[in-house]
There are 2 protein chains.
Amino acid sequence: MAQKDKSSTDETRLSGASQIDVARLAGVSQAAVSRTFTPGASVSADTRAKVLAAAQQLGYRPNVIARSLIKHSTNIIGIVIVRFWNPFYWRVFKEFTQKLQDLGYWTLLLNASHDQEVEDTLPMALQYQVDGIIITSATLSSRMADECVRTGTPVILFNRYVLGTRAHAVCCDNVSAARMVADALLDGGHERLAYIAGEAGSSTNRDREQGFTQRLQERGYTSWLCESGNEYTYESGYAAAKRLLQRDDPPDAIFCFSDLIAMGTLDLARELGVKVPEDLSIIGFDDIAMAGWPSYSLTTVRQPIGRMVDTAIETLMTAIETPDIETVMKWIPAELVKRTSARLGDR
Amino acid sequence: MAQKDKSSTDETRLSGASQIDVARLAGVSQAAVSRTFTPGASVSADTRAKVLAAAQQLGYRPNVIARSLIKHSTNIIGIVIVRFWNPFYWRVFKEFTQKLQDLGYWTLLLNASHDQEVEDTLPMALQYQVDGIIITSATLSSRMADECVRTGTPVILFNRYVLGTRAHAVCCDNVSAARMVADALLDGGHERLAYIAGEAGSSTNRDREQGFTQRLQERGYTSWLCESGNEYTYESGYAAAKRLLQRDDPPDAIFCFSDLIAMGTLDLARELGVKVPEDLSIIGFDDIAMAGWPSYSLTTVRQPIGRMVDTAIETLMTAIETPDIETVMKWIPAELVKRTSARLGDR
DNA sequence: AAAGTGTTTGTATACGTATGCAAAGCATTA
DNA sequence: TAATGCTTTGCATACGTATACAAACACTTT
C-alpha cells in the first residue's frame with residue numbers, strides 16, 4: 001500500500017510512469033497491465049482498452065531492464081570489434097547491427113584495440129547478461145570461452161575459429177579462396193609469386209597463406225616470397241611492397257592478405273614506376289568499396305559478407321534457443337572479382 | 001528462507017551465482033556481499049576477504065541489470081549512426097566508443113538507414129534506460145527531443161544542431177572552415193568556383209555552402225556553380241563532377257562537401273584527362289585516412305575529431321550530472337590540410 | 001566502569017515487471 | 001438448476017541488487 005502511494009505521489013522521478021501507476025488510473029491490477037503488454041497473455045478486450053488508454057495518458061513505456069531481470073534475457077547481443085580501421089569490418093558491423101535490429105535485438109559494442117583488451121572487457125559485457133556474443137576479427141582464449149559457456153552465453157566467432165572450444169565459428173573459406181588465387185595467377189603465366197601476410201597468429205592469415213602456397217606446390221612450384229604485413233593496414237602494405245620490389249629478383253605477382261595492403265602495394269608500385277598489371281599483378285582480399293573505384297580497380301577476392309552474416313546470425317539464434325547444441329563451424333565460399341590490377345588466365 | 005533454499009539447490013540456472021549464494025558460503029548477509037562490491041561502502045577487511053574468497057569459488061559476477069533497476073542508471077550510452085558508408089563516421093564512432101569505454105560506459109548502437117528510422121528506434125532505446133544519447137549525422141525532430149527530455153535522457157547532436165530544442169550540439173565550425181576554403185582558392189587565383197553539396201536539409205551542408213558563398217560575395221564574386229551531391233557518396237561525387245566538367249564553362253576549382261565526393265570528383269577528372277591541380281583544384285572535407293594516400297593526396301579540411309568527441313563527451317557527462325542544465329552548443333574550429341589536389345596561394 | 005565515538009553488520013524494503021495459482025466470472029451442457 | 005469447462009482477474013511472489021535504519025561491536029576517553 002505504502003508502495004502504491006509512493007509511486008503516485010512522487011512526481012519528480014525521472015523514469016516515468018510504472019505499471020502500478022497505470023493500473024491505478026485504469027482501475028485494474030498491476031498484473032492486468034503487465035498482461036496487456038505481454039503478447040499472448042490473457043486479457044479481455046475491455047481491460048486492455050482501459051489499460052491502453054491509461055498508459056497513453058501517462059506516457060507509460062515498459063521498463064526493459066525490469067523485464068530482463070525476470071526473463072534472464074536482455075535481447076541484447078554483444079559485438080566485439082577489434083580492427084576499426086579496416087573498411088571490411090565496417091560492412092560486417094553494419095550488416096550485423098541492421099539484421100539483428102530487424103530481429104528485435106540490440107547491439108552492445110565492445111571496442112578493443114588489442115586482443116588483450118577483449119579478455120578484459122568481455123567479462124564486463126557478460127555482466128550485462130547479453131543473450132549472445134559475436135566476435136569479429138579477434139581470437140578468443142579458451143579460458144574466456146569457458147567463462148562464456150559457464151554463464152550460458154553463446155559465442156560466435158566471425159572469420160576466426162578456435163578448435164577445442166565451445167565457440168561456434170563462421171568463416172570465409174579462406175583456403176579454397178587462396179588456392180583459387182594461386183591457380184588464377186599461375187594460369188596468367190606468372191613465375192615469381194609473393195604473399196604479403198596479415199596478422200601472424202590468426203587462423204585467417206594461416207589459412208590464406210597455406211592455401212596459396214600448398215596450391216603452388218601442387219602445381220610444381222617450390223619457391224615463393226613471403227613478407228609480413230604485421231598490422232594489416234595500407235601503410236604496412238606499402239612498406240612490405242617496398243621490401244619486395246626493391247629486391248634483385250622482384251616478384252611479378254603479389255597476393256595480399258587484404259585490400260588495404262593491396263592498395264598500399266599498388267600505390268608503391270606506381271611510385272616506383274612499375275607497370276600494373278603488365279609488370280606486376282596484384283590481388284587483394286575482401287572487396288571493400290574502394291577496390292572498385294577507378295583509381296585502384298583492384299582484382300580481389302570478394303567475401304560474401306551478406307551470406308556470412310546471415311549464417312552467423314542463424315547459428316547464434318539456434319544456439320540461443322538450444323543451449324546445449326554442439327559446436328558449429330561453417331565455411332562460406334568466396335568469389336574472385338576480376339578487375340584490372342592482375343593479368344590472369346582466360347578460364 | 002525458502003528463497004535461499006531455491007537459490008542454492010537449483011543448480012541448473014544459467015545466470016550463475018547470486019549475492020545470496022555468496023553470502024551463504026561466506027557466512028555473512030547478502031548486504032555484506034553487496035557492500036564488498038560497492039566501492040566506498042563500509043566493510044571490514046575480514047568480511048571482505050571472506051566474501052571475495054566465496055565469490056571467487058562460485059565464479060560470482062555482479063548482475064548489472066539488477067543494479068541498474070535500482071540505480072535508475074545503466075552506464076550505457078546510446079549512439080545513433082545513420083550513414084555507415086562514410087569513413088569519417090567510423091573514426092567518430094571509434095573515438096566515441098573507446099573514450100566512453102575508458103570512462104566506464106558502454107555503447108548501445110542504433111543503426112538507422114534513414115532519419116525516419118531514427119524516429120522509430122529511439123523510443124525503443126529509451127526503454128533500455130540509457131543514461132544518454134549521442135546522435136551522429138542525423139537530425140532529431142523536436143517531437144523526439146521532447147520525448148527524450150520527458151524521460152530525462154540527455155541528448156547530444158554531433159555535427160548537427162537543431163534550434164529550439166533541448167538537444168545539446170557539438171559541431172565542427174563549418175562556416176569558418178568554408179570561408180577559409182573560399183579564401184584559399186581565391187588567393188590561388190581561381191576564377192570559376194563550384195560547390196558540390198551534401199545532404200540538402202542538414203545544418204552541416206547549409207553552413208558549409210553559406211560560409212563558402214558568403215565569403216565569395218564579400219570578396220566581390222557574384223557568380224559560382226553549385227551541384228547537389230544528394231547522398232554524399234563517392235558515386236554521387238563522380239556524377240556531380242561529370243555534370244560540372246562537361247559544361248561549356250567548367251569550373252577551375254571545386255569545393256566538395258566531403259572527401260568521398262572529392263575522390264569521386266578527382267577520379268572523374270582523371271578519366272576526362274583534366275589535369276589536377278593545374279587545370280582544376282579540388283578541395284574536400286573531413287580528412288579521412290584515404291585522403292592522405294598518394295593516389296589521392298587530397299587537399300582537405302580536417303575536422304578535429306578528437307577534440308569534437310572529447311567536447312561531446314564532456315557535455316554529455318555534465319548533462320547527466322546536472323539534468324537541468326541549459327542547452328549547450330559548441331563549434332570547434334577546423335584546419336586546412338594542404339596536399340596536392342589544389343593550387344593555393346602562398347599565405 | 002561508564003559514557004562517548006566511530007565502524008561494521010544484519011534486517012527489511014524497494015526497484016518495475018512477469019507469472020503460478022486460485023478465485024471469480026461467464027457460457028454451455030446435461 | 002447444477003455441473004462443467006473456459007476465460008479473465010487479482011494476489012502473492014520472484015528476479016538480483018542497493019541502501020536506510022537500527023542494532024551490535026570495538027575503541028577511546030573520562
Side-chain angles (χ1 to χ4, degrees), chain A residues 1-10 13-24 26-51 55 58 60-75 126-129 151, chain B residues 1-8 10 13-24 26-51 55 58 60-75 127-129 151:
Chain A
M1 326 283 149
Q3 186 182 342
K4 289 190 178 179
D5 287 337
K6 164 104 193 309
S7 201
S8 65
T9 51
D10 182 358
R13 50 211 286 266
L14 295 177
S15 21
S18 74
Q19 290 189 345
I20 295 183
D21 302 309
V22 177
R24 302 188 87 221
V28 298
S29 74
Q30 176 264 323
V33 180
S34 172
R35 293 196 176 101
T36 302
F37 290 97
T38 304
S42 165
V43 225
S44 69
D46 188 38
T47 11
R48 164 174 236 99
K50 280 193 290 186
V51 167
L58 295 176
Y60 167 77
R61 293 208 180 282
N63 183 328
V64 189
I65 298 292
R67 166 180 292 163
S68 301
L69 183 56
I70 298 180
K71 294 223 156 186
H72 294 286
S73 152
T74 50
N75 268 19
L126 288 176
Q127 294 183 10
Y128 275 94
Q129 319 284 92
T151 64
Chain B
M1 326 278 147
Q3 184 182 342
K4 289 191 178 178
D5 287 335
K6 164 100 193 311
S7 201
S8 64
D10 179 358
R13 50 210 286 265
L14 295 177
S15 20
S18 73
Q19 290 190 345
I20 296 184
D21 303 308
V22 177
R24 301 190 85 220
V28 298
S29 74
Q30 175 264 323
V33 181
S34 172
R35 292 195 178 100
T36 303
F37 290 97
T38 304
S42 163
V43 224
S44 69
D46 187 38
T47 16
R48 162 174 238 101
K50 280 193 291 184
V51 167
L58 294 177
Y60 167 77
R61 293 210 178 281
N63 184 327
V64 188
I65 298 292
R67 166 181 291 163
S68 301
L69 185 57
I70 298 180
K71 293 222 156 187
H72 294 285
S73 153
T74 51
N75 267 19
Q127 293 183 9
Y128 275 93
Q129 321 283 94
T151 64

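Note that these values count all heavy atoms, side chains included, but never hydrogens, waters or copies made by symmetry. Reminder, nothing fancy here: chain letters follow the sequence lines and each chain counts from 1.
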*Asks:* So, do R61(B) and T151(A) sit near enough that their side-chain heavy atoms are less than 4.5 Å apart?
*Replies:* no

*Asks:* Send over the distance from L58(A) CG to dG16(C) P, rounded to a whole Å.
*Replies:* 14 Å

*Asks:* With a non-hydrogen cut-off below 4.0 angstrom, is S68(B) in contact with a base, only sugar-phosphate, or nothing?
*Replies:* nothing

*Asks:* By nearest atom, which of the nucleotides dA18(C), dT9(D), dT17(D) is closest to the N63(B) side chain?
*Replies:* dT17(D)

*Asks:* Roughly how many Å is it from CZ in R35(B) to P in dT11(C), rounded to a whole number?
*Replies:* 11 Å

*Asks:* Is S42(A) near enough to dT7(D) that one of its side-chain N or O atoms lies under 4.0 angstrom from OP1 or OP2?
*Replies:* no

*Asks:* To the nearest angstrom, how far is I65(B) atom CD1 from dT17(D) atom P?
*Replies:* 11 Å

*Asks:* Quick one: does T47(A)'s side chain get under 4.5 Å of T36(A)'s, heavy atoms only?
*Replies:* no

*Asks:* Less than 3.5 Å between a donor and an acceptor, one on the side chain of Q19(A) and one on the base of dA18(C), is that the case here?
*Replies:* no

*Asks:* As a test of reading the structure: which of dA18(D), dT17(C), dC15(D) is closest to the side chain of S18(A), going by heavy atoms?
*Replies:* dT17(C)

*Asks:* Could you state the atom-to-atom distance from NE2 of H72(A) to P of dT17(C) in whole Å?
*Replies:* 17 Å

*Asks:* For Y60(B) and dT17(D), is the shortest distance between a side-chain N/O and OP1 or OP2 below 4.0 Å?
*Replies:* yes

*Asks:* Round to the nearest Å and state the distance from D21(A) atom CG to dC15(C) atom P.
*Replies:* 10 Å

*Asks:* Without decimals, in angstroms, what is the distance between Q30(B) CD and dA18(D) P?
*Replies:* 8 Å

*Asks:* Using the side-chain contact (heavy atoms from CB on, under 4.5 Å) rule, take Y60(B) and V51(B) through it: C-alpha gap first, then chi angles, then the decisive distance, then the call.
*Replies:* CA-CA 10 Å; Y60(B) 167 77; V51(B) 167; over 6 Å; no

*Asks:* If you pin V43(A) and A66(B) to their nearest nucleotides in DNA chain D, which one's is more 5'?
*Replies:* V43(A)

*Asks:* Between C1' on dA18(D) and CD1 on I70(B), what's the gap in Å once rounded to a whole number?
*Replies:* 4 Å

*Asks:* Under 4.0 Å, counting only non-hydrogen atoms across every strand here, what does A32(B) touch: a base, just sugar-phosphate, or nothing?
*Replies:* sugar-phosphate

*Asks:* Answer yes or no: is there a side-chain heavy-atom contact under 4.5 Å between N63(A) and L69(B)?
*Replies:* yes

*Asks:* Relative to the 5' end of DNA chain C, which residue comes earlier, S29(B) or P62(A), by the nucleotide with the nearest heavy atom?
*Replies:* S29(B)

*Asks:* I20(B) side chain: which of dT19(C), dT17(D), dG10(D) is closest?
*Replies:* dT17(D)

*Asks:* Give a yes/no answer on whether the side chain of S44(B) brings an N or O atom under 4.0 Å of OP1 or OP2 in dT9(C).
*Replies:* yes

*Asks:* So, does Y128(A) use its side chain to make a donor-acceptor pair with the main chain of T74(A) at under 3.5 Å?
*Replies:* no

*Asks:* Check every strand shown and say whether V33(A) touches a base, only sugar-phosphate, or nothing at a heavy-atom separation below 4.0 Å.
*Replies:* nothing

*Asks:* Round to the nearest Å and state the distance from L69(B) atom CG to dA14(C) atom P.
*Replies:* 14 Å

